[in-house]
There are 2 protein chains.
Amino acid sequence: MLVETGVSGAELRSEASRIAAQVEAVFSGYLVGTGDGRDRLFEAMRHAGLGGGKRLRPLLTVATGRLFGLAEDRIVRAGAAIEAIHVYSLIHDDLPCMDDDDLRRGKPTVHRAFDESTAVLAGDCFHDLAFEIIADPATHEDPFVRAELVLEMARASGPRGMAGGQMLDLVAEGQALDIGSITRLQQLKTGALIEFAVEAACIMGRLPPEARTPYRGYAHDIGLAFQIADDLLDHAGDEATAGKRLRKDERAGKATFVSLLGEDRARRQCAMLVSQAIEHLHDHGTEADLLRAVAQYVEERDR
Amino acid sequence: MLVETGVSGAELRSEASRIAAQVEAVFSGYLVGTGDGRDRLFEAMRHAGLGGGKRLRPLLTVATGRLFGLAEDRIVRAGAAIEAIHVYSLIHDDLPCMDDDDLRRGKPTVHRAFDESTAVLAGDCFHDLAFEIIADPATHEDPFVRAELVLEMARASGPRGMAGGQMLDLVAEGQALDIGSITRLQQLKTGALIEFAVEAACIMGRLPPEARTPYRGYAHDIGLAFQIADDLLDHAGDEATAGKRLRKDERAGKATFVSLLGEDRARRQCAMLVSQAIEHLHDHGTEADLLRAVAQYVEERDR
């Protein structure tokens, strides 16, 4: 489906790379070595955190911040903090005891390029880095806002959010999940952090909770659409373009949206969610164009 | 050596268990299951976080808070957050790819009682929990204080603090460390978080940085004394009392304060540091008695 968003695909790609570069600049500032044995740790963190990734979460934070006229250098820092949580989770999820992946963002995973113990530590350090970035006065002038961002990020990341979703995924191995269970699992595993990426901008824009409803709706729909698109990509995509191993779930007999719905219905469901996400933004004019374009990208992405 | 501290050994033990119980009560409040597959994660977190441990860090935070008349229910929450960082680090340090330990606090380690992937996640979730506890308004009424606590805790825990020390420890394997290198390593690996346990109370007491010098001196000395005592315990202690495997460093040929200084000099160095730590408190009267008693306990502990 096509909605006129006012931001072309080329413009979106250009905005996305500009924001990705700013996120990497934030990371780089924190990842300067110490000239001792810890340099191996900083090197592993740079390997994991620089030079790759879609940076969807910071893009969502910046695009939502645009609705409220937030200064980009500040909102980018919040986006970078959320991306740091995402990077930490990828490093740990790739570990041999978890998904045992050897390829991520077109490069060897951290435990393959370094070793397992360095990967555990590098993940732990990105986890700290996320909180160090978001709690810094440079992210928001109001300490009340910073403390709320910390609290909500910890909740989105922890056992009732992303990590809880990963646990559900681990215990689901070998079980026949239905569509409700897989939706719930994915809402936690990937949805919680995507929802926080949008929520963070609402917090920084000082929106009272009751005014956040449309943006939560957008984030909820986008989170689910993103995961369905991920399953479609896993099913039909190209490993070289994706930069990671594909069809692992299929080989392991794990339930996905594609295995449960079939490719056609999954594609239609994804398109419906994207259109529904854009609908949540109907009160906005051109200032929401980037957010609308991001929604469309989720449906059309090839990596 | 013996200093009259005004708090007897029995009184210290009673205070320590009272504070430990409060810390566990804070943890328990967060570790209620969700009635789905995530319950395994909550169970692993309860296994790691409840029913054991010296709780030295919260004890230090509460004892320092007493100098500034801080409300105990609030300062205990900051202590619990720091203990959550400690618990997360123990779970990950015990992993097969790290120290590969099977016993901790007298119980099987998390990856032995559950499995490796659950242990990685349980550690990650204690890491989040630390930030969730400390950023909560219940910990301090002033959001500026909460944001500063978050920032400093992330720094104490990350690559320039505790995790950096663990990295130094990993790269030091098989290398002949001198006393300067081992001191630096331990100042990061265990010292950084012990120093933050004291600093957190200073932040909550709104001490300007220049007024924190004596408490930083105390924390620095105690941190080092604690590690020397740990090496002494590892060398001469009893596994059943300690609740963990001992003499692993010795068998692996790793340098410790005891292997470098010998038992007698290590014992004298520990006593000197404890006496020096207490000296930093000379401007204080009886309100510092608990902090003085904690210093003495560090020297005399048997687990």
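Order of the sequence lines fixes the chain letters, A, B, ..., with proteins taken first and strands second; residue numbering starts at 1 for each chain. Computation of the quantities below employed the complete heavy-atom set of this structure, encompassing side-chain atoms and omitting hydrogens, waters and symmetry-equivalent molecules.
Both the backbone and the side chain of B/Leu41 come within contact range of chain A, judged by heavy atoms closer than 4.5 Å. Neither the backbone nor the side chain of A/Met162 comes within contact range of chain B; no heavy atoms are under 4.5 Å apart. Using a 4.5 Å cut-off between heavy atoms, A/Leu151 contacts chain B through both its backbone and its side chain. Interface remark: B/Leu95 contributes side-chain atoms only to the contact with chain A (heavy atom separation under 4.5 Å). Only the side chain of B/Leu188 has a heavy atom closer than 4.5 Å to any heavy atom of chain A. When heavy atoms are compared at a cutoff of 4.5 Å, B/Pro137 approaches chain A solely by way of its side chain, counted from C-beta outward. For chain A, the nearby parts of B/Arg160 are the backbone and the side chain; heavy atoms of each come within less than 4.5 Å.
Note on A/Arg146, A/His127, A/Met45: by heavy-atom pairs under 4.5 Å with chain B, the leading option is A/His127. Put simply, of B/Leu149, B/Leu31, B/Ile133, B/Asp136, the one with the most heavy-atom pairs under 4.5 Å next to chain A is B/Asp136. Note on A/Cys125, A/Ala122, A/Pro96: by heavy-atom pairs under 4.5 Å with chain B, the leading option is A/Cys125. Of the listed residues (B/Gly161, B/Ala154, B/Ser181), the one with the most heavy-atom contacts under 4.5 Å to chain A is B/Ala154. When the candidates A/Asp124, A/Asp36, A/Leu185 are compared by the number of heavy-atom contacts under 4.5 Å with chain B, A/Asp124 comes out ahead. Top candidate by heavy-atom pairs under 4.5 Å with chain A, chosen from B/Ala119, B/Ala172, B/Ala147, is B/Ala147.
Atoms CD and CE, from A/Glu132 and B/Met153 in turn, are 12.0 Å apart once rounded to the nearest 0.5 Å. Between the CD atom in B/Gln166 and the OG1 atom in A/Thr118 there is a gap of 10.0 Å [rounded to 0.5 Å]. A distance of 7.0 Å separates CG of B/Leu168 from OG1 of A/Thr34, quoted to the nearest 0.5 Å.
Heavy atoms only, all atoms of each residue included: B/Phe42 and A/Pro159 are closest at CZ-CB, 3.7 Å. Heavy-atom minimum distance, B/Val150 versus A/Ala135: CG1-CB, 3.5 Å. What you find for B/Met167 and A/Gly37 is that their closest heavy atoms are CG-O, 3.8 Å. Between A/Ser117 and B/Cys97, the shortest heavy-atom contact is CB-O, 3.3 Å.
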Is there a side chain to side chain contact (heavy atoms under 4.5 Å, CB included) between B/Leu170 and A/Leu121 once you walk through the steps?
CA-CA 10 Å; B/Leu170 289 169; A/Leu121 282 177; 3.6 Å; yes
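Within residues 78-93 of chain B, the residues having any heavy atom closer than 4.5 Å to a heavy atom of chain A are B/Tyr88, B/His92, listed by residue number.
Surrounding CZ of B/Phe68 are more than 12 heavy atoms belonging to other residues, nucleotides or ligands, all under 6.0 Å away. At most 12 heavy atoms of other shown residues, nucleotides or ligands fall within 6.0 angstrom of atom CZ in B/Arg112.
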